[in-house]
Amino acid sequence: MTTFPLLAVLLPFLAAFAGLLLSRWPRGRARQSNGPAAHVGGTPADEDSARANRRAAWIAVVPTAAAAVLAVWLAWGQGFAFLDGGARSVPVGDTYGAIDTGGVPISLTLQADDLSGLLGVLVTLVALAVQIYSIGYLKDDPRYPSYSAFISLFTSAMLLVVYAGDLLVLYVGWEIMGLCSYLLIGHWWEDRGNSRAAVKAFLVTRLGDVGFLFGIFVLGGAAGSFRIADVLAKVPEMSAGTLVAATMLLLAGVAGKSAQVPLHTWLPDAMAGPTPISALIHAATMVAAGIFLVARLFPAFAAARPTLDVLAVLAALGMLGAALAALAQDDLKRVLAYSTVSQLAYMAGGLAAGSDTATIFHLITHGAFKALLFLCAGVVIHHVGSNLMSQMGGLRRELPITFAATTVGFAALMGLPPFSGFFSKDAVLVAMEGALAGGLTDAAALLLYGCALATVAVTGAYATRAWLRTFFGRTRTVALPEPEPGTAHVIDTREAPPTMLVPVVLLAVPAVLLGFAGGLHLDAPVAVISVVLALLGAAVVYASWRSDPVADPARLLGPLRQPCEQAFYVDHLYAAVIARPIVALAGLVVRTDDTVVDGAVRGSGRSARGLSGLLRLAQNGNVQLYVSGLLAGVLLIVVGAVMFT
Amino acid sequence: MTSWLPVALLAVPLLGAFLLLVAPSLLRPILPAYGMVVSGVTLALAVALVATFDHGQAGRPQATVDLPWVPGLDLRFHLGVDGISLPLVALTALLTFLCFAYLGWGDARRPGQLLHPRPGGARPRALVFTLLVLEVGMIGTFLALDLLLFFVFFEIVLVPMYFLIAIWGGAERRGAAVKFILYTLLGSVVMLLGLLLIWAQTGTLDIVALGQAHGAGMSRAVQVLAFVAVGLGLAVKTPMWPLHTWLPDAHTQAPTVGSVLLAGVLLKMGTYGFARIAIPILPEGAVAVAPWLGAFAVVGIIYGSLACLAQRDLKRMIAYSSVGHMGFVLLGFATLTTVGINGALFANVAHGLITGLLFFLAGAIKDRHHTADIPSLGGGLLARLPHLGAVLTFASIASLGLPGLAGFWGEMLALLGAFQPADVLPRALFLTFMAIGGLGAVLTAAYFLVMLSRATHGVPSVPLPVSAGTGPDDHPADAIVRPAADLAAWETPDERPVAPVGAVPEALDIQRYELVAWVPLIVLILLFGLWPQLLLSLTTPAVQTLLGALS
């Protein structure tokens, strides 16, 4: 059992390599003989491609399923003990040697405790659902083998983060996830826009990760070890300054990965990737990593009050702003993306309020219902051939199963009883209310709780809007243009294939039931307030929609609508303040390099040649000049000899 | 017991080069195989050296040879390896062998095959000779344990590299080659003065003895002066900003194998000098100069990254990326800690592998498109040449320092070293360096991803018409044969020029000889990335020895 964490990480990792190298192995030979046109069209190439896809699907699904079994096994003993706050169990795992850096060593420890056990199950199960779903979603994609291999790598990296017992090992997984998100968001790289979105995702998260790495240095330096257990044991001895510096730096990485203000801008653009990837990134991996990391190092954060205040303010701004932005989007996936930013800010707020258990509870229920929502959105997009809600409508008859599943997902997102989101959101809100009494600065706590309640209402509004505009109203018969790469290409009038529907149905189960995990802790007043607020938001949107089903209820926002749709122009600001100056600076450097730095080099060459030209004047071949020079020299020597003797 | 190995490592390529002179007609028909065999034997010897190396005692020189060379001047022929030089010796032997495999394995009509006779005169025999002499110099530099011997090998390298650029280079090879040799010679002269100063003060040239003395017998002022002189010479070779401008020209004009060896090995000679001579022999000088070294290093990181961001030429961009990466190496040295110098040595080897691979790839792209101008490539490389595009993506990602690949550990350890520099150094300053270096890491990611986005993504468009270069491997523009446009609408008509000697049969994705040359590099990048202990266990004891008093 001690090797289970290692195996769970290694299985998808090896699957990634196998998927990349082996899927097309015979095809590589066939292509050599068929010539270059093989992949353009023609039956043999299609057949090759289909066979490669089938094989890649097996290579992808089986190890992920095995990893899921291992993860469930690891979590079985402790169950939901972490959420109850019960007695912590002893971590299961092993240390596989150490990397001797010459200073603080890096210990290769992989272990599962109650927190990572829970997360491991979430990661592997969502990844498995996504892998199975992708078989149908990308059936005809010639690059499916690499795609599924990257998902495997993604899963492996996230499991490494979850099971790592050492901060630098965790960082390795953390960064590899950034790479995988880059590769997968840019899956349809024919479109420059997708390529840009992928680059943006990588760079924004990497910017945060630099801070994260330095935060690890500070913690590791202060504790004399990078092992998480050792670091946490040394927290009481660390000075407040060290802790604040370390946690603030770590927060940069958390904000990058978990798409928190001010590093949230990559997430909505990341919708350029195939929809299952969005489900993976938003529910189980990547964005969950940031929240998980704070929970993992929670004693360090809890001891750094200023960091928690900053986190609370960022979370408050992020949750409300993103919810408002979600209300104004027309692209269904972008609605869900901003919803993720908002819900993650909820979790960050829960952490700031001092409750890691409530946060992890919400992380897990959110993982279930957000994955469900994205996979449903994928079915809808697959069906309609567009991401835009203005081209959807009336789909509840054509896609009955998807409709039911989406309804479950949205209800959980709004926090309606008895769906899972209701319980977890309640737990987070209770924690935030508790923070009013202490734990945070008064202003920060008040801002956090106020924004959280407002966000509940806005969440109700945008979820209702998306639900109504997608599944109700008249079916839009829009003549669709040729689908661009980056959107789904297949238009189908039937419900999706079973490989897509089965994961959807299976994910609907935890989205309903997970709320009952770990016993019922319900705070009635807070629960009533939040449900009333959510229903209020929903009612306003419903009223607006009833009055005019064709018009977009986002018009309720009035003059705020444009800023909300543009997500408050943060992207424009960054482009003007960061991106453009850097590009200009780069141009300046190139010019400087050519004219000043290299100019000096060339100049020294020229001046050497100039000097030699001067000297050459003496070597002009005129014998009279030479003789005169000789005589002058002799004269000088003679005079000198006479004078000095 | 194994002391014949270092001598053999030098003798085999030297003998190989010598045989080319005495029996040219005999060897001419088997030239490609000959190069591979000689460099293969050298590689086998290097592997044997690694295998017989006592890893438990990586801190002290092993397999030493110590013979009198010029007794009158007390110069000794002193060779040996320790944990610092062993990886570099192996890297050199490997890269040289891979270069020969790249040149010799393939079909003569494929791109980059310089070892086959062809119209225009590729001078294959001279090329093999040059490469073998180059190998002698490179391996000798890493083996030498005598200051003057080190200097001699250091200089030997310049001559074949000059010819490599000047004869087999691109259109503007003359200027680039002259700039290369003058610039580095000038640096070497300053270094020689520094070495002579050390000799004058201590009376010995033996690196081992000097290293054990840790600067005893030299006053602080002398040490600072000697460190600056030696450091300047090494910094030109490294290259350190602002002494780097020979590098982009040399790289852009050099043939593929020249670029690979230049980036993979020659730059390492500069940084190796810091670890072998400057820091252990002149510790007080190192302490005095380290803040400056660190400052120049981080300026180089940022400057190199920004210069890359605005580059259009792929080879030039990779050349500037070397400036940035070498900045991390120098920063690691400047920290004067075991961690930092470990990081520097790791980054050194990783850069040799990764940038070597990148230059192989850039060369392959340039040979196919007859330009390395990124916009002219037209994008969509992943669609046109999927495997080449994939390997380019891999190498770029390795180069930007992704954990799990070799590039990460060096950078990370250099930054960690800067986080806790040696006690005698100002910590606040080095924390600033660390922060700037971290930003440089983001910029590094930025330019590589932008390059990938431009070159490999997008729908392939018709590349701009490009006039063929006049390099010996280039074909005259009028001989370009365009294949019939029987491709799908979204796919570009193939603009790749095809050699006039019989049409190249198919889309030129990665060829077998390229695979032979690249796969070992890819495997090693993965291996060192996933198991850094392999390298760190070698360097840590050696670094602890060299730091001596400082650590």
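Every chain is numbered from 1, with letters handed out A, B, ... down the list of sequences. This structure is a prediction, so every number in the text was calculated from the model and none was measured. Hydrogens, waters and symmetry mates play no part in the numbers below; they use all other heavy atoms, side chains included.
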- side chain to side chain contact (heavy atoms under 4.5 Å, CB included) evaluation trace for B:Leu415 with A:Val210: CA-CA 10 Å; B:Leu415 291 174; A:Val210 170; over 6 Å; no
- Message: So for B:Tyr303, is it side chain, backbone, both, or neither that comes closer than 4.5 Å to the heavy atoms of chain A?
- Response: both
- Whether A:Arg192 side chain and B:Ser453 backbone form a donor-acceptor pair below 3.5 Å: yes
- Flag the one option from B:Leu416, B:Val450, B:Val442 with the top tally of heavy-atom pairs under 4.5 Å to chain A. B:Leu416
- Task: Flag the one option from B:Trp409, B:Trp241, B:Phe419, B:Tyr447 with the top tally of heavy-atom pairs under 4.5 Å to chain A.
- Result: B:Phe419
- Task: State, with a plain yes or no, whether a side-chain heavy atom of B:Met412 is found less than 4.5 Å away from one of A:Leu168.
- Result: yes
- Message: Less than 4.5 Å to any heavy atom of chain A: does that hold for the side chain of B:Leu400, its backbone, both, or neither?
- Response: both
- Relative to chain A, which segment of B:Ser305 carries a heavy atom at a distance below 4.5 Å: side chain, backbone, both, or neither? neither
- Note on the structure: Okay, B:Trp531 and chain A: the region with an atom under 4.5 Å from a heavy atom over there is side chain
- Item | chain A contact via B:Phe346 - side chain, backbone, both or neither, heavy atoms under 4.5 Å | neither
- Note on the structure: Cut-off 4.5 Å, heavy atoms of chain B, and the answer for A:Leu20 is neither
- Message: Taking side chain as everything from C-beta outward and backbone as N, CA, C, O, which of these in B:Tyr183 sits under 4.5 Å from a heavy atom of chain A? Side chain, backbone, both or neither.
- Response: side chain
- Any side-chain heavy-atom pair from A:Leu207 and B:Leu439 closer than 4.5 angstrom? yes
- Could you tell me which portion of A:Ala198 (side chain, backbone, both or neither) has an atom closer than 4.5 angstrom to a non-hydrogen atom of chain B? neither
- Please look at A:Val601 and chain B and tell me whether the side chain, the backbone, both or neither of the residue comes under 4.5 angstrom of a heavy atom of that chain. side chain
- Quick one: of B:Pro541, B:Gly437, B:Pro403, who has the most non-hydrogen atom pairs under 4.5 Å with chain A? B:Pro403
- Could you pull out the closest heavy-atom pair between B:Leu536 and A:Asp100, with the gap in Å? CB-O, 3.5 Å
- Message: Just to verify, which of A:Val583, A:Val589, A:Leu588 counts as forming a side-chain contact (heavy atoms from CB on, under 4.5 Å) with B:Leu306?
- Response: A:Val589
- Task: Measure the shortest side-chain to side-chain distance between A:Thr101 and B:Asn342 over non-hydrogen atoms and say whether it is less than 4.5 angstrom.
- Result: no
- Message: Between B:Leu182 and chain A, with a heavy-atom cut-off of 4.5 Å, which part of the residue counts as in contact: side chain, backbone, both or neither?
- Response: neither
- Query: In terms of heavy-atom proximity below 4.5 Å to chain A, should B:Leu431 be classed as side chain, backbone, both, or neither?
  - Reply: neither
- Query: If every non-hydrogen atom of B:Leu309 is compared with every non-hydrogen atom of A:Ala586, which pair is closest and at what distance?
  - Reply: CB-CB, 3.8 Å
- Part of B:Leu534 within contact of chain A (heavy atom distance under 4.5 Å): neither
- Item | Option in B:Arg454, B:Gln420, B:Met434 with maximal non-hydrogen atom pairs under 4.5 Å from chain A | B:Met434
- Identify the two heavy atoms, one from B:Pro532 and one from A:Ile99, that lie closest to each other, and give their separation to 0.1 Å. CG-CD1, 3.5 Å
- Give, as side chain, backbone, both or neither, the part of B:Leu535 having an atom under 4.5 angstrom from any heavy atom of chain A. neither
- Message: Is the shortest side-chain heavy-atom distance between B:Leu402 and A:Tyr182 below 4.5 Å?
- Response: no
- Message: At a heavy-atom distance under 4.5 Å, which candidate from A:Arg206, A:Arg143, A:Arg196 has the highest pair count against chain B?
- Response: A:Arg206
- Atom CG in B:Leu449, atom CG in A:Leu179: separation rounded to 0.5 Å? 9.0 Å
- Query: Parallel, tilted or perpendicular: which describes the rings of B:His457 and A:Trp189, with under 30° parallel and over 60° perpendicular?
  - Reply: parallel
- Does any non-hydrogen side-chain atom of B:Arg316 lie less than 4.5 Å from one of A:Val590? no
- Task: Tell me, out of A:Val218, A:Leu213, A:Val596, A:Asp209, who's got the most heavy-atom pairs with chain B below 4.5 Å.
- Result: A:Val218
- Task: Mind running side chain to side chain contact (heavy atoms under 4.5 Å, CB included) on B:Phe448 and A:Phe202 for me, showing each step along the way?
- Result: CA-CA 11 Å; B:Phe448 270 114; A:Phe202 192 93; over 6 Å; no
- For B:His244 and A:Asp593, what are the C-alpha separation, side-chain angles and deciding distance, and is it a side-chain hydrogen bond (donor to acceptor under 3.5 Å, both in side chains)? CA-CA 10 Å; B:His244 64 275; A:Asp593 198 56; 2.8 Å; yes
- Query: For chain A, which of B:Gly529, B:Ala441, B:Ser537, B:Gly343 has the most heavy-atom pairs under 4.5 Å?
  - Reply: B:Ala441
- Query: Given side chains that start at C-beta, do those of A:Glu175 and B:Phe408 come closer than 4.5 Å, heavy atoms only?
  - Reply: no
